[in-house]
Protein chains: 2
Amino acid sequence: MEKQNNEIDSVAENLAHIVPILKRIFIKGLRTKTNLSPQTLYTLGALSYHSKLTMSGIGNHLSVPKPHVTALVDKLISEGLVERLSDERDRRIIYIQLTDKGKETFKEIKRMMTEAFRSDLSMFDEAKIHKMYECSLYIRDTLDEMAKSLQAGCCSGN
Amino acid sequence: MEKQNNEIDSVAENLAHIVPILKRIFIKGLRTKTNLSPQTLYTLGALSYHSKLTMSGIGNHLSVPKPHVTALVDKLISEGLVERLSDERDRRIIYIQLTDKGKETFKEIKRMMTEAFRSDLSMFDEAKIHKMYECSLYIRDTLDEMAKSLQAGCCSGN
DNA sequence: AATAATGATTACAAAATTATAACTATTATC
DNA sequence: GATAATAGTTATAATTTTGTAATCATTATT
(Lines give C-alpha, C1' and ligand atoms only; values in the text may rest on other atoms or scores of the structure.)
Protein backbone atom coordinates (compact mmCIF):
# COMPACT_ATOMS: atom_id res chain seq x y z
CA MET A 1 0.00 0.00 0.00
CA GLU A 2 2.87 2.31 0.81
CA LYS A 3 4.52 1.36 -2.45
CA GLN A 4 1.30 1.99 -4.30
CA ASN A 5 0.95 5.49 -2.90
CA ASN A 6 4.52 6.21 -3.83
CA GLU A 7 3.84 5.11 -7.37
CA ILE A 8 0.74 7.27 -7.58
CA ASP A 9 2.76 10.23 -6.41
CA SER A 10 5.37 9.54 -9.06
CA VAL A 11 2.70 9.33 -11.73
CA ALA A 12 1.36 12.70 -10.61
CA GLU A 13 4.82 14.19 -10.64
CA ASN A 14 5.70 12.79 -14.04
CA LEU A 15 2.47 13.96 -15.60
CA ALA A 16 2.68 17.42 -14.03
CA HIS A 17 6.23 17.65 -15.31
CA ILE A 18 5.25 17.13 -18.93
CA VAL A 19 2.40 19.64 -19.03
CA PRO A 20 4.53 22.69 -19.80
CA ILE A 21 6.54 20.67 -22.33
CA LEU A 22 3.39 19.59 -24.13
CA LYS A 23 1.96 23.08 -24.03
CA ARG A 24 5.15 24.32 -25.56
CA ILE A 25 5.14 21.72 -28.31
CA PHE A 26 1.51 21.93 -29.32
CA ILE A 27 0.03 25.24 -28.34
CA LYS A 28 2.90 27.52 -29.20
CA GLY A 29 3.42 25.89 -32.55
CA LEU A 30 -0.16 26.59 -33.52
CA ARG A 31 -0.51 30.15 -32.28
CA THR A 32 0.83 31.77 -35.40
CA LYS A 33 -1.00 29.42 -37.72
CA THR A 34 -4.56 29.94 -36.57
CA ASN A 35 -6.69 32.72 -35.17
CA LEU A 36 -8.23 30.39 -32.59
CA SER A 37 -7.29 30.58 -28.92
CA PRO A 38 -5.99 27.49 -27.11
CA GLN A 39 -9.31 26.91 -25.38
CA THR A 40 -11.28 27.08 -28.61
CA LEU A 41 -8.84 24.51 -30.00
CA TYR A 42 -9.42 22.30 -26.94
CA THR A 43 -13.13 22.74 -27.51
CA LEU A 44 -12.78 21.49 -31.07
CA GLY A 45 -10.77 18.56 -29.75
CA ALA A 46 -13.38 17.65 -27.15
CA LEU A 47 -16.12 17.86 -29.77
CA SER A 48 -14.09 15.80 -32.19
CA TYR A 49 -13.72 13.09 -29.56
CA HIS A 50 -17.23 13.16 -28.09
CA SER A 51 -19.03 14.21 -31.25
CA LYS A 52 -21.74 15.98 -29.23
CA LEU A 53 -21.58 17.88 -25.95
CA THR A 54 -23.81 20.20 -23.97
CA MET A 55 -22.53 23.63 -22.98
CA SER A 56 -22.00 22.43 -19.43
CA GLY A 57 -20.33 19.30 -20.76
CA ILE A 58 -17.76 21.41 -22.58
CA GLY A 59 -17.20 23.42 -19.42
CA ASN A 60 -16.63 20.28 -17.40
CA HIS A 61 -14.28 18.74 -19.91
CA LEU A 62 -12.08 21.80 -20.16
CA SER A 63 -12.63 23.20 -16.68
CA VAL A 64 -13.92 26.41 -18.11
CA PRO A 65 -16.53 28.53 -16.33
CA LYS A 66 -19.90 28.23 -18.04
CA PRO A 67 -20.16 31.88 -19.03
CA HIS A 68 -16.90 31.57 -20.90
CA VAL A 69 -18.11 28.45 -22.72
CA THR A 70 -20.78 30.62 -24.29
CA ALA A 71 -18.07 32.97 -25.54
CA LEU A 72 -15.96 30.12 -26.90
CA VAL A 73 -18.88 28.55 -28.71
CA ASP A 74 -20.02 31.92 -30.06
CA LYS A 75 -16.57 32.36 -31.53
CA LEU A 76 -16.62 28.90 -33.10
CA ILE A 77 -20.10 29.48 -34.49
CA SER A 78 -19.04 32.77 -36.02
CA GLU A 79 -16.30 30.82 -37.78
CA GLY A 80 -18.83 28.24 -38.92
CA LEU A 81 -17.00 25.42 -37.16
CA VAL A 82 -19.72 24.21 -34.77
CA GLU A 83 -23.49 24.36 -34.54
CA ARG A 84 -26.11 24.35 -31.81
CA LEU A 85 -28.70 21.59 -31.59
CA SER A 86 -31.65 21.82 -29.26
CA ASP A 87 -32.79 18.80 -27.31
CA GLU A 88 -36.42 18.04 -28.03
CA ARG A 89 -37.01 16.40 -24.68
CA ASP A 90 -35.48 19.14 -22.53
CA ARG A 91 -35.43 22.48 -24.18
CA ARG A 92 -33.00 23.95 -21.69
CA ILE A 93 -30.26 21.78 -23.09
CA ILE A 94 -28.21 22.83 -26.08
CA TYR A 95 -25.92 20.40 -27.80
CA ILE A 96 -22.88 21.56 -29.68
CA GLN A 97 -21.36 19.59 -32.50
CA LEU A 98 -18.81 20.13 -35.23
CA THR A 99 -19.98 21.17 -38.68
CA ASP A 100 -18.39 19.62 -41.75
CA LYS A 101 -16.19 22.68 -41.98
CA GLY A 102 -15.32 22.21 -38.32
CA LYS A 103 -14.29 18.62 -38.91
CA GLU A 104 -12.16 19.63 -41.87
CA THR A 105 -10.59 22.49 -39.94
CA PHE A 106 -9.78 20.32 -36.96
CA LYS A 107 -8.25 17.71 -39.22
CA GLU A 108 -6.05 20.41 -40.70
CA ILE A 109 -5.11 21.66 -37.22
CA LYS A 110 -4.13 18.14 -36.19
CA ARG A 111 -2.06 17.88 -39.34
CA MET A 112 -0.13 21.04 -38.47
CA MET A 113 0.25 19.85 -34.90
CA THR A 114 1.65 16.46 -35.81
CA GLU A 115 3.88 17.91 -38.51
CA ALA A 116 5.94 19.86 -36.02
CA PHE A 117 5.99 16.96 -33.60
CA ARG A 118 7.12 14.60 -36.34
CA SER A 119 10.40 16.40 -36.91
CA ASP A 120 10.96 16.55 -33.14
CA LEU A 121 10.38 12.83 -32.61
CA SER A 122 12.16 11.68 -35.73
CA MET A 123 15.47 11.77 -33.88
CA PHE A 124 14.40 8.56 -32.13
CA ASP A 125 14.49 5.05 -33.51
CA GLU A 126 11.50 2.97 -34.46
CA ALA A 127 11.39 0.96 -31.25
CA LYS A 128 11.33 4.06 -29.12
CA ILE A 129 8.58 5.64 -31.18
CA HIS A 130 6.55 2.49 -30.90
CA LYS A 131 6.95 2.48 -27.15
CA MET A 132 5.96 6.15 -27.03
CA TYR A 133 2.88 5.19 -28.97
CA GLU A 134 1.94 2.46 -26.53
CA CYS A 135 2.62 4.56 -23.46
CA SER A 136 0.79 7.63 -24.71
CA LEU A 137 -2.23 5.52 -25.63
CA TYR A 138 -2.28 3.82 -22.26
CA ILE A 139 -2.14 7.10 -20.42
CA ARG A 140 -4.74 8.65 -22.65
CA ASP A 141 -7.18 5.80 -22.12
CA THR A 142 -6.61 5.73 -18.38
CA LEU A 143 -7.05 9.47 -17.99
CA ASP A 144 -10.18 9.38 -20.12
CA GLU A 145 -11.57 6.67 -17.90
CA MET A 146 -10.65 8.67 -14.84
CA ALA A 147 -12.11 11.90 -16.22
CA LYS A 148 -15.43 10.20 -16.81
CA SER A 149 -15.81 9.55 -13.12
CA LEU A 150 -15.25 13.16 -12.16
CA GLN A 151 -17.66 14.89 -14.48
CA ALA A 152 -19.20 16.78 -11.61
CA GLY A 153 -18.86 20.55 -11.63
CA CYS A 154 -15.41 21.65 -10.79
CA CYS A 155 -14.99 25.33 -11.10
CA SER A 156 -16.85 28.37 -10.00
CA GLY A 157 -19.77 29.53 -12.08
CA ASN A 158 -20.01 26.13 -13.62
CA MET B 1 8.44 4.42 -42.71
CA GLU B 2 4.79 5.02 -43.37
CA LYS B 3 3.92 3.04 -40.29
CA GLN B 4 6.40 5.04 -38.28
CA ASN B 5 4.87 8.34 -39.35
CA ASN B 6 1.45 7.05 -38.46
CA GLU B 7 2.69 6.14 -35.02
CA ILE B 8 4.26 9.55 -34.53
CA ASP B 9 0.98 11.15 -35.50
CA SER B 10 -0.84 8.98 -33.00
CA VAL B 11 1.62 9.93 -30.29
CA ALA B 12 1.04 13.60 -31.05
CA GLU B 13 -2.71 13.10 -31.00
CA ASN B 14 -2.68 11.16 -27.75
CA LEU B 15 -0.46 13.67 -26.00
CA ALA B 16 -2.43 16.66 -27.26
CA HIS B 17 -5.58 14.94 -26.07
CA ILE B 18 -4.40 14.66 -22.49
CA VAL B 19 -3.22 18.27 -22.10
CA PRO B 20 -6.61 19.71 -21.11
CA ILE B 21 -7.23 16.74 -18.82
CA LEU B 22 -3.93 17.25 -17.05
CA LYS B 23 -4.48 20.97 -16.79
CA ARG B 24 -7.82 20.26 -15.25
CA ILE B 25 -6.42 17.81 -12.72
CA PHE B 26 -3.35 19.72 -11.62
CA ILE B 27 -3.83 23.40 -12.25
CA LYS B 28 -7.42 23.77 -11.20
CA GLY B 29 -6.90 21.82 -8.04
CA LEU B 30 -4.13 24.16 -6.97
CA ARG B 31 -5.72 27.48 -7.87
CA THR B 32 -7.56 27.89 -4.61
CA LYS B 33 -4.69 26.64 -2.50
CA THR B 34 -1.94 29.01 -3.55
CA ASN B 35 -1.60 32.60 -4.65
CA LEU B 36 0.84 31.63 -7.39
CA SER B 37 -0.19 31.61 -11.03
CA PRO B 38 0.21 28.47 -13.14
CA GLN B 39 3.29 29.85 -14.86
CA THR B 40 5.01 30.72 -11.61
CA LEU B 41 4.31 27.16 -10.51
CA TYR B 42 5.82 25.83 -13.74
CA THR B 43 8.79 28.07 -13.08
CA LEU B 44 9.26 26.51 -9.67
CA GLY B 45 8.98 23.09 -11.27
CA ALA B 46 11.59 23.88 -13.90
CA LEU B 47 13.94 25.25 -11.24
CA SER B 48 13.35 22.23 -9.06
CA TYR B 49 14.31 19.96 -11.93
CA HIS B 50 17.23 21.95 -13.34
CA SER B 51 18.35 23.50 -10.06
CA LYS B 52 19.69 26.56 -11.89
CA LEU B 53 18.45 28.38 -14.99
CA THR B 54 19.11 31.68 -16.70
CA MET B 55 16.23 34.03 -17.37
CA SER B 56 16.26 33.06 -21.03
CA GLY B 57 16.47 29.43 -20.02
CA ILE B 58 13.26 29.73 -18.06
CA GLY B 59 11.63 31.46 -21.02
CA ASN B 60 12.68 28.65 -23.32
CA HIS B 61 11.55 25.91 -21.00
CA LEU B 62 8.11 27.38 -20.51
CA SER B 63 7.73 29.16 -23.84
CA VAL B 64 7.24 32.44 -22.07
CA PRO B 65 8.34 35.73 -23.62
CA LYS B 66 11.42 37.09 -21.91
CA PRO B 67 9.82 40.26 -20.56
CA HIS B 68 7.24 38.12 -18.81
CA VAL B 69 9.94 35.93 -17.28
CA THR B 70 11.17 39.01 -15.47
CA ALA B 71 7.70 39.51 -14.03
CA LEU B 72 7.39 35.87 -12.99
CA VAL B 73 10.78 35.88 -11.28
CA ASP B 74 10.08 39.23 -9.60
CA LYS B 75 6.96 37.69 -8.13
CA LEU B 76 8.83 34.63 -6.90
CA ILE B 77 11.58 36.79 -5.41
CA SER B 78 9.02 38.93 -3.60
CA GLU B 79 7.74 35.70 -2.06
CA GLY B 80 11.28 34.71 -1.16
CA LEU B 81 11.08 31.51 -3.19
CA VAL B 82 13.96 32.08 -5.63
CA GLU B 83 17.10 34.17 -5.81
CA ARG B 84 19.26 35.74 -8.49
CA LEU B 85 22.89 34.72 -8.93
CA SER B 86 25.23 36.63 -11.18
CA ASP B 87 27.68 34.81 -13.41
CA GLU B 88 31.22 35.98 -12.74
CA ARG B 89 32.42 35.14 -16.22
CA ASP B 90 29.64 36.90 -18.10
CA ARG B 91 27.97 39.60 -16.16
CA ARG B 92 25.02 39.80 -18.54
CA ILE B 93 23.83 36.42 -17.36
CA ILE B 94 21.65 36.01 -14.30
CA TYR B 95 20.98 32.60 -12.86
CA ILE B 96 17.84 31.87 -10.91
CA GLN B 97 17.63 29.16 -8.29
CA LEU B 98 15.29 28.08 -5.55
CA THR B 99 15.87 29.29 -2.01
CA ASP B 100 15.41 26.87 0.87
CA LYS B 101 11.96 28.32 1.36
CA GLY B 102 11.32 27.81 -2.35
CA LYS B 103 12.29 24.15 -2.10
CA GLU B 104 10.04 23.66 0.90
CA THR B 105 7.17 25.46 -0.77
CA PHE B 106 7.49 23.47 -3.95
CA LYS B 107 7.58 20.25 -1.97
CA GLU B 108 4.35 21.29 -0.29
CA ILE B 109 2.79 22.19 -3.64
CA LYS B 110 3.71 18.78 -5.00
CA ARG B 111 2.15 17.22 -1.95
CA MET B 112 -1.15 19.01 -2.52
CA MET B 113 -0.99 18.11 -6.19
CA THR B 114 -0.45 14.42 -5.63
CA GLU B 115 -3.02 14.28 -2.86
CA ALA B 116 -5.89 15.11 -5.20
CA PHE B 117 -4.52 12.83 -7.88
CA ARG B 118 -4.25 9.99 -5.41
CA SER B 119 -7.97 9.79 -4.78
CA ASP B 120 -8.62 9.99 -8.52
CA LEU B 121 -6.25 7.14 -9.36
CA SER B 122 -7.13 4.97 -6.41
CA MET B 123 -10.07 3.51 -8.34
CA PHE B 124 -7.55 1.48 -10.34
CA ASP B 125 -5.82 -1.69 -9.28
CA GLU B 126 -2.17 -2.05 -8.44
CA ALA B 127 -1.11 -3.42 -11.81
CA LYS B 128 -2.71 -0.53 -13.64
CA ILE B 129 -1.10 2.02 -11.39
CA HIS B 130 2.25 0.39 -11.91
CA LYS B 131 1.82 0.52 -15.65
CA MET B 132 0.81 4.16 -15.40
CA TYR B 133 3.99 4.74 -13.50
CA GLU B 134 6.14 3.09 -16.15
CA CYS B 135 4.39 4.83 -19.03
CA SER B 136 4.44 8.27 -17.46
CA LEU B 137 8.13 7.94 -16.67
CA TYR B 138 8.97 6.81 -20.17
CA ILE B 139 7.11 9.70 -21.72
CA ARG B 140 8.62 12.14 -19.30
CA ASP B 141 12.17 11.01 -20.03
CA THR B 142 11.62 10.99 -23.77
CA LEU B 143 10.08 14.45 -23.82
CA ASP B 144 12.88 15.78 -21.64
CA GLU B 145 15.40 14.37 -24.05
CA MET B 146 13.50 15.88 -26.94
CA ALA B 147 13.14 19.25 -25.24
CA LYS B 148 16.87 19.46 -24.73
CA SER B 149 17.42 19.43 -28.47
CA LEU B 150 15.06 22.31 -29.13
CA GLN B 151 16.31 24.85 -26.64
CA ALA B 152 16.56 27.49 -29.31
CA GLY B 153 14.32 30.53 -28.95
CA CYS B 154 10.78 29.76 -29.80
CA CYS B 155 8.47 32.62 -29.09
CA SER B 156 8.35 36.28 -29.84
CA GLY B 157 10.34 38.63 -27.71
CA ASN B 158 12.42 35.77 -26.51
C1' DA C 1 -50.11 26.54 -9.09
C1' DA C 2 -46.24 28.00 -6.42
C1' DT C 3 -41.46 26.95 -5.54
C1' DA C 4 -37.13 25.10 -6.38
C1' DA C 5 -33.63 23.43 -9.40
C1' DT C 6 -31.22 23.24 -13.87
C1' DG C 7 -29.03 24.82 -18.36
C1' DA C 8 -27.66 28.54 -20.58
C1' DT C 9 -26.86 33.51 -21.27
C1' DT C 10 -25.63 38.45 -20.25
C1' DA C 11 -22.85 41.74 -18.12
C1' DC C 12 -18.99 42.99 -15.75
C1' DA C 13 -14.45 42.85 -13.44
C1' DA C 14 -10.04 40.96 -12.37
C1' DA C 15 -6.10 38.20 -13.26
C1' DA C 16 -2.95 35.93 -16.32
C1' DT C 17 -0.74 35.48 -20.57
C1' DT C 18 1.15 37.06 -24.91
C1' DA C 19 3.15 40.48 -27.93
C1' DT C 20 6.11 44.65 -29.18
C1' DA C 21 9.27 48.16 -29.02
C1' DA C 22 12.74 50.55 -26.89
C1' DC C 23 16.40 50.54 -23.69
C1' DT C 24 20.74 49.34 -20.54
C1' DA C 25 24.69 46.70 -19.70
C1' DT C 26 27.91 43.58 -21.18
C1' DT C 27 30.43 40.71 -24.35
C1' DA C 28 31.99 39.37 -29.08
C1' DT C 29 33.65 40.55 -33.64
C1' DC C 30 35.69 43.11 -37.20
C1' DG D 1 37.87 51.27 -31.00
C1' DA D 2 33.56 51.05 -33.56
C1' DT D 3 29.95 47.88 -34.47
C1' DA D 4 27.20 44.07 -33.77
C1' DA D 5 25.24 40.62 -30.89
C1' DT D 6 23.49 38.86 -26.44
C1' DA D 7 21.06 38.85 -21.74
C1' DG D 8 18.01 41.09 -19.33
C1' DT D 9 14.75 44.96 -18.11
C1' DT D 10 11.10 48.61 -18.59
C1' DA D 11 6.94 50.10 -20.43
C1' DT D 12 2.74 49.39 -22.72
C1' DA D 13 -1.10 47.15 -25.00
C1' DA D 14 -3.88 43.41 -26.51
C1' DT D 15 -5.68 38.95 -25.84
C1' DT D 16 -7.10 35.20 -23.17
C1' DT D 17 -8.71 33.18 -19.16
C1' DT D 18 -11.02 33.22 -14.72
C1' DG D 19 -14.47 34.73 -11.30
C1' DT D 20 -19.02 36.51 -9.75
C1' DA D 21 -23.71 38.01 -9.83
C1' DA D 22 -27.94 38.47 -11.95
C1' DT D 23 -31.24 36.93 -15.34
C1' DC D 24 -34.22 34.06 -18.64
C1' DA D 25 -36.35 29.85 -20.00
C1' DT D 26 -37.46 25.43 -18.95
C1' DT D 27 -38.18 21.41 -16.13
C1' DA D 28 -38.85 19.09 -11.58
C1' DT D 29 -40.97 19.03 -7.03
C1' DT D 30 -44.39 19.88 -3.60
Side-chain angles (χ1 to χ4, degrees), chain A residues 19-20 23-24 27-43 52-78 82-96 151-158, chain B residues 19-20 23-24 27-43 52-77 82 84-96 151-158:
Chain A
V19 172
K23 276 187 63 178
R24 170 175 166 192
I27 301 300
K28 313 289 168 160
L30 284 177
R31 272 199 101 80
T32 51
K33 295 180 184 125
T34 167
N35 63 330
L36 299 173
S37 71
Q39 283 188 342
T40 52
L41 293 177
Y42 291 145
T43 304
K52 200 168 92 173
L53 285 172
T54 65
M55 297 295 283
S56 309
I58 293 171
N60 282 331
H61 273 284
L62 308 184
S63 279
V64 161
K66 244 185 351 186
H68 187 48
V69 176
T70 301
L72 293 173
V73 168
D74 283 349
K75 166 71 177 171
L76 289 172
I77 284 178
S78 79
V82 306
E83 58 192 349
R84 291 181 214 260
L85 295 177
S86 49
D87 185 328
E88 293 309 318
R89 301 194 305 191
D90 185 342
R91 279 155 49 210
R92 290 171 301 184
I93 298 175
I94 293 176
Y95 288 105
I96 309 298
Q151 281 315 335
C154 50
C155 62
S156 61
N158 222 345
Chain B
V19 172
K23 276 188 63 177
R24 172 176 165 191
I27 301 300
K28 313 289 169 159
L30 285 176
R31 274 198 100 80
T32 53
K33 294 179 184 126
T34 169
N35 64 329
L36 299 173
S37 70
Q39 283 188 342
T40 51
L41 294 177
Y42 292 146
T43 304
K52 200 169 91 171
L53 284 173
T54 64
M55 298 295 281
S56 310
I58 294 173
N60 282 332
H61 272 285
L62 308 184
S63 280
V64 161
K66 245 183 354 184
H68 187 47
V69 176
T70 301
L72 292 173
V73 168
D74 283 349
K75 165 71 177 171
L76 288 171
I77 284 178
V82 307
R84 291 179 214 260
L85 296 176
S86 50
D87 184 328
E88 293 309 317
R89 300 195 304 193
D90 184 342
R91 280 154 50 213
R92 292 170 299 182
I93 296 175
I94 294 177
Y95 287 104
I96 309 296
Q151 281 316 335
C154 49
C155 60
S156 61
N158 223 345

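It should be emphasised that the depicted structure is a prediction, and the values quoted were computed from it without experimental measurement. Proteins come first, then strands; the chains are lettered A, B, ... in the order of their sequence lines, and each starts at number 1.
Regarding contacts with the backbone of dA16(C), every side-chain N or O of Q39(B) stays at 4.0 angstrom or more from both OP1 and OP2. Under 4.0 angstrom from either OP1 or OP2 of dA7(D) there lies no side-chain N or O belonging to R84(B). Between S37(A) and dT15(D), a side-chain N or O to OP1/OP2 separation shorter than 4.0 Å is absent. Put simply, S56(A) has a side-chain N or O that comes within less than 4.0 Å of OP1 or OP2 on dA8(C). For R31(B) and dG19(D), the shortest distance from a side-chain N or O to OP1 or OP2 is below 4.0 Å.
Nucleotide dT17(C) holds its C1' atom 9 Å from the CG atom of L72(B), rounded to whole Å. Straight-line distance from the CZ atom of R91(A) to the C1' atom of dT9(C): 17 Å, rounded to whole Å. In this structure, CG of D74(B) is placed 13 Å from P of dG8(D), rounded to the nearest angstrom. Per the geometry, NZ belonging to K66(B) stands 12 Å off C1' belonging to dC23(C), to the nearest Å. dA16(C) atom P lies 12 Å from atom CG of L76(B), rounded to whole Å. Rounded to a whole Å, the CD1 atom of I27(A) is 19 Å from the P atom of dT15(D). Rounded to a whole Å, the CG atom of D87(A) is 19 Å from the P atom of dA25(D). A straight line from CD1 of I94(A) to P of dC24(D) spans 17 Å, rounded to a whole angstrom.
At distances below 3.5 Å, at least one donor-acceptor pair connects side-chain atoms of T43(B) with backbone N or O atoms of Q39(B). Counting only distance, with no hydrogens or angles, the side chain of R24(B) and the backbone of N60(A) share a donor-acceptor pair below 3.5 Å.
A donor-acceptor contact under 3.5 Å links the side chain of R92(A) to the base of dT6(C).
Under the 4.5 Å side-chain criterion, counting only non-hydrogen atoms from C-beta, L85(A) is not in contact with I94(A). You'll find the side chain of I58(A) stays beyond 4.5 Å of the side chain of L72(A), heavy atoms only.
Of the two residues near DNA chain C, T32(A) and M55(A), the one whose nearest nucleotide lies more 5' is M55(A). Between R89(A) and Y42(A), the residue whose closest nucleotide on DNA chain D is further toward the 5' end is Y42(A). Where L36(B) and H68(A) each meet DNA chain C at their nearest nucleotide, the meeting point lying more 5' is that of H68(A). Comparing D90(A) and D90(B) along DNA chain D, the residue whose closest nucleotide (by nearest heavy atom) sits nearer the 5' end is D90(B).
Side-chain contact of S37(A) with T40(A): a donor-acceptor pair under 3.5 Å is present, judged by distance alone.
The side chain of I93(A) lies closest to dA8(C), out of dT26(D), dA8(C), dT9(D).
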